[in-house]
> 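I'd like to ask you about the structure that follows.
In this text the structure is predicted, and so the values were computed from the model without any measurement.
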Amino acid sequence: MRLFDCDRECRDGHGELLDEQRARRGCTRLDLEPVHWLIEPRFLLRYLGRAPDPGLEGERVSGYPVDWKRPWEDVADGCPRGWIDNPFTLALRPFIPRRTSTGARDTNYRLERCEDWLILDAVDTFIHEQERCLAEIDEQRHDLATQRDR
């Protein structure tokens, strides 16, 4: 299941897109007809790995307090699904080395032969963010295990 699942969140039971739901989430999908955004932050207030920002201490969004150590993405950017699955990021997938069960990365011959600096930088950024995300997950698991052991 995806964090922002368009079929679950913005379609009805018959598979029809609900433009009102897409507008409330600020739909960014390039493969769909655009909608005029009427973003309701409560539909997008999810932590996706944004860097801590002490300047956000005490801030509130739509009445909800913001945790500066784990701030939400900026709702003004709309639904992150469109930024995740767009033609550029989908084109990068063949270049991203797979992780092994030990956490290492398999050899990716396409990446090794690539000389395009844009692809190389994008893959490097992806790998960095993926490692940061996995470290965050490990930290959360550790925190939960520590709380259970008390």
Side-chain angles (χ1 to χ4, degrees), residues 1-12 17-106 108 111 114 116-150:
M1 182 176 81
R2 294 177 140 353
L3 183 58
F4 286 88
D5 185 346
C6 296
D7 291 330
R8 180 177 48 108
E9 298 185 25
C10 293
R11 292 188 189 269
D12 65 14
L17 286 168
L18 302 170
D19 287 343
E20 181 182 336
Q21 293 296 330
R22 292 179 57 224
R24 293 165 81 183
R25 286 182 172 83
C27 183
T28 55
R29 295 263 310 262
L30 298 175
D31 59 328
L32 301 175
E33 285 293 317
V35 293
H36 178 72
W37 290 3
L38 298 169
I39 294 176
E40 291 187 30
R42 65 190 174 98
F43 289 116
L44 294 174
L45 295 180
R46 297 183 192 176
Y47 174 69
L48 301 174
R50 186 174 167 198
D53 182 358
L56 294 174
E57 186 170 5
E59 290 289 318
R60 296 179 80 78
V61 174
S62 293
Y64 299 97
V66 176
D67 178 357
W68 71 266
K69 293 177 186 172
R70 299 179 57 185
W72 302 310
E73 306 303 306
D74 188 350
V75 295
D77 292 336
C79 181
R81 173 68 186 270
W83 310 123
I84 294 166
D85 288 341
N86 64 58
F88 178 71
T89 58
L90 294 174
L92 288 177
R93 286 189 181 167
F95 294 93
I96 297 171
R98 290 190 195 107
R99 290 176 55 86
T100 65
S101 60
T102 62
R105 296 207 178 257
D106 281 336
N108 184 313
L111 183 62
C114 181
D116 186 325
W117 64 267
L118 180 62
I119 291 174
L120 295 172
D121 283 352
V123 169
D124 185 54
T125 299
F126 174 87
I127 290 170
H128 172 77
E129 290 301 315
Q130 185 180 49
E131 295 301 324
R132 201 165 70 91
C133 176
L134 292 169
E136 173 71 24
I137 291 169
D138 285 344
E139 184 180 333
Q140 289 178 15
R141 286 180 180 154
H142 178 267
D143 290 347
L144 286 171
T146 303
Q147 290 173 4
R148 276 194 303 254
D149 291 342
R150 290 182 184 177

> Output the distance between atom CH2 (W72) and atom CG (L56), rounded to the nearest 0.5 Å.
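Going from CH2 on W72 over to CG on L56, the span is 10.0 Å.
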> Which residue pairs pass the salt bridge (charged side-chain N to carboxylate O under 4.0 Å, His left out) test with at least one member in residues 51-79, sequence neighbours excluded?
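Every pair satisfying salt bridge (charged side-chain N to carboxylate O under 4.0 Å, His left out) with a residue in residues 51-79: R70-E136.
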> Can you tell me how far CG of L134 sits from CZ of R132, rounded to the nearest 0.5 angstrom?
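With rounding to 0.5 Å, CZ (R132) is 11.5 Å from CG (L134).
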> List the atom of N108, the atom of P97, and the distance in Å for their closest heavy-atom pair.
ND2-N, 3.8 Å
> Take R25 and R81 through the test side chain to side chain contact (heavy atoms under 4.5 Å, CB included) and record every step on the way to the result.
CA-CA 10 Å; R25 286 182 172 83; R81 173 68 186 270; over 6 Å; no
> Could you pull out the closest heavy-atom pair between P71 and A51, with the gap in Å?
CG-O, 3.3 Å
> Considering only heavy atoms from C-beta outward, does the side chain of L111 approach that of I96 to under 4.5 Å?
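A side-chain contact under 4.5 Å is absent here.
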> Do R29 side-chain atoms and R22 backbone N/O form a donor-acceptor pair below 3.5 Å?
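No, R29 side chain to R22 backbone: no donor-acceptor pair under 3.5 Å.
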> Quick check against the 3.5 Å criterion: does W68 have a side-chain atom that pairs as donor or acceptor with the backbone of G55?
no
> Are more than 12 heavy atoms from other residues, nucleotides or ligands located less than 6.0 Å from atom OH of Y64?
no
> I need the minimum non-hydrogen distance between T28 and C79, along with the two atoms involved.
OG1-O, 2.6 Å
> Measuring from atom SG of C6 to atom CD of Q21, what distance do you get when rounded to the nearest 0.5 angstrom?
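If we round to the nearest 0.5 Å, C6:SG and Q21:CD are 11.5 Å apart.
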> Are L30 and F88 packed together at the side-chain level, in the sense that at least one heavy-atom pair is separated by less than 4.5 angstrom?
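Counting from C-beta outward, L30 and F88 never come under 4.5 Å.
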> Is the number of heavy atoms from other residues, nucleotides or ligands under 6.0 Å of Q140 CD greater than 12?
yes
> Roughly how far, to the nearest 0.5 Å, is CG of D19 from NE2 of H36?
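H36 atom NE2 to D19 atom CG measures 12.5 Å (nearest 0.5 Å).
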> Rounded to the nearest 0.5 Å, what's the gap from CG on L44 to CZ on R46? Could you check?
7.5 Å
> Where do V61 and P41 come nearest, in terms of heavy atoms and distance?
CG1-CB, 3.9 Å
> Would you say the side-chain atoms of D12 pair up with the backbone N or O of L18, donor to acceptor, closer than 3.5 Å?
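Answer holds: no.
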> Is there a side chain to side chain contact (heavy atoms under 4.5 Å, CB included) between R141 and D138 once you walk through the steps?
CA-CA 5 Å; R141 286 180 180 154; D138 285 344; 4.1 Å; yes
> Out of curiosity, R24 CZ to R42 CZ, how far, rounded to the nearest 0.5 Å?
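So the gap between those two atoms works out to 5.5 Å.
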> For I39 versus G78, what's the shortest heavy-atom pair and its separation?
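So the two residues come closest at CD1-CA, 4.0 Å.
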> Taking all non-hydrogen atoms of both residues into account, name the closest pair between L118 and D116 and its distance.
N-OD1, 2.8 Å
> With side chain to side chain contact (heavy atoms under 4.5 Å, CB included) as the test, would you mind laying out the steps for V123 and I119 before giving the verdict?
CA-CA 6 Å; V123 169; I119 291 174; 4.2 Å; yes
> Quick one: which of Q130, H128, E129 gives a side-chain contact (heavy atoms from CB on, under 4.5 Å) with F126?
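One option only clears the test, and that one is Q130.
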